[in-house]
Amino acid sequence: MIGIARLAAAGLLAIMAMGTARAEDALKAKIGVLRLSSSAPVFIAQDKGYFREAGLEVELKFFDAAQPIAVATTSGDVDFGVTAFTAGLYNLAGKGVLKVIGGMSREKAGYPLIGYFASNNAYAAGLKTPKDLAGKRVAMTQVGSSFHYSLGLLADKYGFKLSEVKIVPLQSLSNAAAALKGETVDAALLPISTARKLMDDGGAKFLGWVGDETPWQLGAVFASPKTLTNKVLVTKLLGALARADREYHDVILAAMKDGVAPINDKTKPLLEIIAKYTNLQVEQVVGNCAYIDPDGKLDVKNVDNQIKWLQEQGFADKGFDADAIIAKEFVKPD
């Protein structure tokens with residue numbers, strides 16, 4: 001009996017050792033990300049174990065604005081970044097220290113993500129729609145940010161000069177929201193996840209969605225050239241994200257109607273994951289589901305347009321285009 005017990009114990013130790021070895025063999029990666037639904041596949045892949053099943057040990061590092069994620073990726077503080085395109089990101093990529101490796105969120109009609117919001121006083125004074133923003137003080141995170149580009153597209157659409165808008169860069173979403181509530185600006189561009197509490201508390205008025213006004217490729221997955229030398233790591237990460245992209249699209253986005261996802265037995269588990277990582281209630285997440293291509297494709301043509309626009313405005317350095325910043329071996333063009 002003692003011999004059998006010893007054999008059983010030895011077998012258990014062997015199994016535990018194998019498990020430990022597998023854990024040690026897992027490739028480690030840090031991903032810089034915002035607590036926004038625009039990164040839903042990242043949260044799904046982490047929470048449902050898709051990264052782990054791909055042989056990855058992933059740590060999510062959260063930021064409060066897009067540009068710091070790009071900087072952290074170049075410095076090595078994170079291995080991958082998932083966030084919106086910005087002039088700063090493009091400038092880093094143009095210098096060769098960042099590469100785009102996949103698509104993420106898009107501004108698309110019918111999928112609420114980034115909105116235009118007015119202060120109560122400005123709304124009462126006549127700021128009722130996005131086209132009324134000419135001549136107003138508009139808060140956003142940073143000059144050259146995705147919010148800035150959205151406003152530039154709006155100016156082109158309605159025929160007013162971007163220079164007519166007083167841009168107020170406040171470095172973070174929370175600062176922009178506070179300025180709007182405090183009436184120190186007339187309007188702000190904010191993700192609905194940030195603006196919802198303002199609206200619920202009566203602190204701001206909704207004007208319209210960027211996706212309804214000017215659709216474009218908002219976000220991407222990117223990495224430094226050093227990270228890209230580990231092709232196994234990159235391939236595994238993109239594979240896990242592609243799995244989550246497809247599930248998010250087929251379960252949540254395919255069920256949306258009038259910009260809202262239903263809560264049912266099929267959608268609720270994913271909505272709860274998004275709520276967990278964005279610090280929202282499930283009931284808040286349903287109207288805050290960004291569009292993401294089911295295959296993780298990138299609208300390369302639009303990326304090129306963004307670069308040209310930012311270069312024309314003087315926000316991005318000249319001398320490079322989309323082809324120069326995209327890792328073509330990984331990107332699926334749309």
Side-chain angles (χ1 to χ4, degrees), residues 32 38 65-75 78-108 113-114 140-157 161-163 167 189 210-211 213-229 231 234-235 237-238 241-242 245 290-293 295-334:
S38 51
Q67 180 59 17
I69 296 178
V71 174
T73 306
T74 63
S75 69
V78 297
D79 302 293
F80 299 93
V82 179
T83 193
F85 285 112
T86 64
L89 188 156
Y90 281 130
N91 281 332
L92 290 170
K95 292 180 173 64
V97 295
L98 274 185
K99 288 285 186 179
V100 179
I101 60 173
M104 191 52 70
S105 58
R106 297 187 188 190
E107 289 286 8
K108 186 177 176 72
L113 180 56
I114 306 299
M140 58 183 63
T141 53
Q142 294 166 324
V143 170
S145 65
S146 59
F147 304 106
H148 205 161
Y149 177 68
S150 294
L151 190 58
L153 293 178
L154 189 79
D156 291 342
K157 178 179 178 179
K161 293 181 179 180
L162 185 58
S163 59
I167 303 298
L189 280 83
V210 169
E213 294 284 352
T214 55
W216 61 284
Q217 178 77 54
L218 175 65
V221 186
F222 49 94
S224 68
K226 180 180 178 180
T227 298
L228 293 183
T229 61
K231 294 187 181 299
V234 178
T235 301
L237 182 123
L238 290 178
L241 282 179
D245 287 341
Y291 182 83
I292 294 170
D293 183 85
D295 298 313
K297 291 181 179 178
L298 181 76
D299 187 343
V300 176
K301 183 178 179 180
N302 178 256
V303 170
D304 202 50
N305 288 339
Q306 291 180 46
I307 293 171
K308 290 176 180 176
W309 184 88
L310 290 165
Q311 289 170 336
E312 289 171 358
Q313 299 295 322
F315 299 140
D317 299 332
K318 296 185 177 180
F320 69 94
D321 57 14
D323 283 343
I325 68 167
I326 291 173
K328 295 180 181 178
E329 65 268 38
F330 298 113
V331 170
K332 298 177 183 178
D334 188 1

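Throughout, numbering of the chain's residues begins at 1 and tracks the sequence. Computed from a predicted structure; not experimentally measured.
Remark: the backbone N or O of A322 is paired with a side-chain donor or acceptor of D304 at under 3.5 angstrom. E312 places no side-chain N or O within 3.5 Å of a backbone atom of G314 that could act as its donor or acceptor partner. Checked by atom type and distance alone, the side chain of E213 never pairs as donor or acceptor with a backbone atom of S150 at under 3.5 Å. The main-chain N or O of D317 is found under 3.5 Å from a side-chain atom of N91 such that the two form a donor-acceptor pair.
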Residues V303, Y90; criterion side chain to side chain contact (heavy atoms under 4.5 Å, CB included); working and verdict: CA-CA 10 Å; V303 170; Y90 281 130; 3.6 Å; yes
Trace of the side chain to side chain contact (heavy atoms under 4.5 Å, CB included) decision for T141 with Q67: CA-CA 9 Å; T141 53; Q67 180 59 17; over 6 Å; no
What do the steps show when you test K332 against D245 for salt bridge (charged side-chain N to carboxylate O under 4.0 Å, His left out), and what is the final call? CA-CA 13 Å; K332 298 177 183 178; D245 287 341; over 6 Å; no
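Taking all atoms of both residues into account, the shortest heavy-atom contact from S146 to L218 is CB-CD1, 3.6 Å. Considering every non-hydrogen atom in both V143 and I167, the closest pair reads CG2-CG2, 4.4 Å.
Looking only at side-chain heavy atoms (C-beta outward), R106 and D334 come within less than 4.5 Å of each other. Contact annotation: the side chain of E107 approaches that of L113 to within less than 4.5 Å [non-hydrogen atoms, C-beta and beyond]. I325 is not listed as a side-chain neighbour of F222, based on a closest heavy-atom distance of 4.5 Å or more.
Using cut-offs of 30° and 60° on the angle between ring planes, the pair W309 and Y149 is perpendicular.
Atom CG of L310 sits about 11.0 Å away from atom CZ of F85, to the nearest 0.5 Å.
Between D299 and K108 no salt bridge is recorded (no basic side-chain N to carboxylate O distance below 4.0 Å).
Atom NZ of K157 has more than 12 neighbouring heavy atoms from other residues, nucleotides or ligands inside a 6.0 Å radius.
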